[in-house]
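Single-structure report; data block below.
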2 protein chains.
Amino acid sequence: MNNIDTIIEHAEQNCKSHGSRLTTKRKQVLSLLAQTDKALSAYDLIDLFVKENGEKIPAMSVYRILDFLEAEHLVHKLKLANKYIACSHITCKHEHGVPQFLICSVCNAVKEITVNKSTINELNQSVEQAGFKLVSPQLEINCICNECLATAS
Amino acid sequence: MNNIDTIIEHAEQNCKSHGSRLTTKRKQVLSLLAQTDKALSAYDLIDLFVKENGEKIPAMSVYRILDFLEAEHLVHKLKLANKYIACSHITCKHEHGVPQFLICSVCNAVKEITVNKSTINELNQSVEQAGFKLVSPQLEINCICNECLATAS
DNA sequence: TAGCGAGATGTTACAACATATCATTTATGT
DNA sequence: ACATAAATGATATGTTGTAACATCTCGCTA
């Protein structure tokens, strides 16, 4: 059983365990996201979907499916890039904290990292001092990955 | 001389000092942004522009003007919200570092803060460990401002 | 097992954000 | 005053996302 199948399997269990359904379409979309480390836009997914499954899918459906997958914590929406990525912890058992993302602004590669708790706390202090409350410490940081950096130079 | 005029004055000097021109239109747009602590979209600005100046402005012009103002470091683009805000340091003399933004997801109020240098350094370490390079440590953080928090409860 | 109801998906239209391209106007130096 | 470059206008279109309503499908119950 390969990695993708494992992920889908876990995702399906995950959904079942609280009464939601990972339908065929949802599996297909999740599968597309799980097969890459790049962030994909909804319209990227529409194109990919046709290529992989030889079948069209409406924009509306993709957005609905992405909303569902996000609510299930199976994908993350990167607001900075208006793109989506599979959660890299689907097959983990432990509760995972709030993710931080590094987004390569050249190739859209995304890395989900865990920032030091203390760093986040410090950040939170700055926020509170300014009279705001953190909604979610999800950070999305514009970067260049080492590969693109090497290619460019 | 009120605060807005001071800002515009400074901005104009700023531009002059390296040979670019703060035209009337550009002043008008900057002025609209400087009069609020809310983040405004390009289309918000179009509407406001009509209201304030009784004269239409094409979307294309607004985007061009925003690009110009951004290049002059007079406004910042918040990618998280697809909105724009006047730089809060226009009238400062010192070189200001890369800004961090707290965006109220309810009312769009934005606060430009300066995060501890050491916090940013820690963040940068996490990034480098992951094999990425920070392009710009501009952070945009989803928050709720204390006012909206109070209203909601 | 037929059919009911909820949830999932399809269809169409459109709103909001953004840019490409080419035309016209305005400012500045000679 | 004129040539030139910069700024702005006009039109069309691309991209991202949602509203509203129709249809289909799955799982339950009679």
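Note that the structure is a prediction, hence the values are computed from the model and not measured. Each chain gets a letter, A, B and so on, in the order the sequences are listed, and its residues count up from 1.
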side-chain hydrogen bond (donor to acceptor under 3.5 Å, both in side chains) between Ser31(B) and Gln35(B): does it pass, once the steps are laid out?
CA-CA 6 Å; Ser31(B) 175; Gln35(B) 284 171 61; 2.9 Å; yes

Just wondering, do Leu22(B) and Leu69(B) contact through their side chains at under 4.5 Å, heavy atoms?
yes

Atom-to-atom span, CG of Leu66(A) to C1' of dT18(D) - whole angstrom
14 Å

What integer distance in Å separates Arg26(B):CZ from dA7(D):P?
4 Å

In Å and rounded to the nearest 0.5 Å, what is the CG to CG distance from Leu78(A) to Leu80(B)?
10.5 Å

Taking 4.0 angstrom as the limit, do Lys83(B) and Glu140(B) come out as a salt bridge?
no

Between atom CG in Asn82(A) and atom P in dA16(C), what is the gap in whole Å?
16 Å

Within less than 4.0 Å of OP1 or OP2 of dA18(C), is there a side-chain N or O belonging to Lys77(B)?
yes

Tell me which nucleotide among dT9(C), dT11(C), dT21(C) gets nearest to the side chain of Thr23(A).
dT9(C)

Tell me whether the OP1 or OP2 atom of dA7(D) has a side-chain N or O from Ser61(B) closer than 4.0 Å.
no

With rounding to the nearest 0.5 angstrom, report the CG to NZ distance, Asn108(B) to Lys38(B).
8.0 Å

Are any of Arg21(B)'s side-chain N or O atoms less than 4.0 Å away from OP1 or OP2 of dA27(C)?
no

Can you find a donor-acceptor pair, distance only, under 3.5 Å between Arg64(A) side chain and dG17(D) base?
no

Could you tell me whether the phosphate oxygens of dT18(D), OP1 or OP2, come under 4.0 Å of any side-chain nitrogen or oxygen in Tyr63(A)?
no

With the side chain counted from C-beta on, respond yes when Glu72(B) and Cys15(B) share a heavy-atom pair under 4.5 Å apart, and no when they do not.
yes

Just to be sure I understand the geometry, which residues of residues 36-54 of chain A put a non-hydrogen atom under 4.0 Å away from DNA chain C?
none

Over how many whole Å does the gap from Lys25(B) atom NZ to dT8(D) atom C1' extend?
7 Å

Consider the side chain of Met60(A), meaning its heavy atoms from C-beta on, and name the nucleotide among dA20(D), dG9(D), dT8(D) that approaches it most closely.
dA20(D)

Begin from the C-alpha positions of Leu139(B) and Ile141(A) and carry the test side-chain contact (heavy atoms from CB on, under 4.5 Å) through to its verdict.
CA-CA 7 Å; Leu139(B) 296 180; Ile141(A) 306 176; 3.9 Å; yes

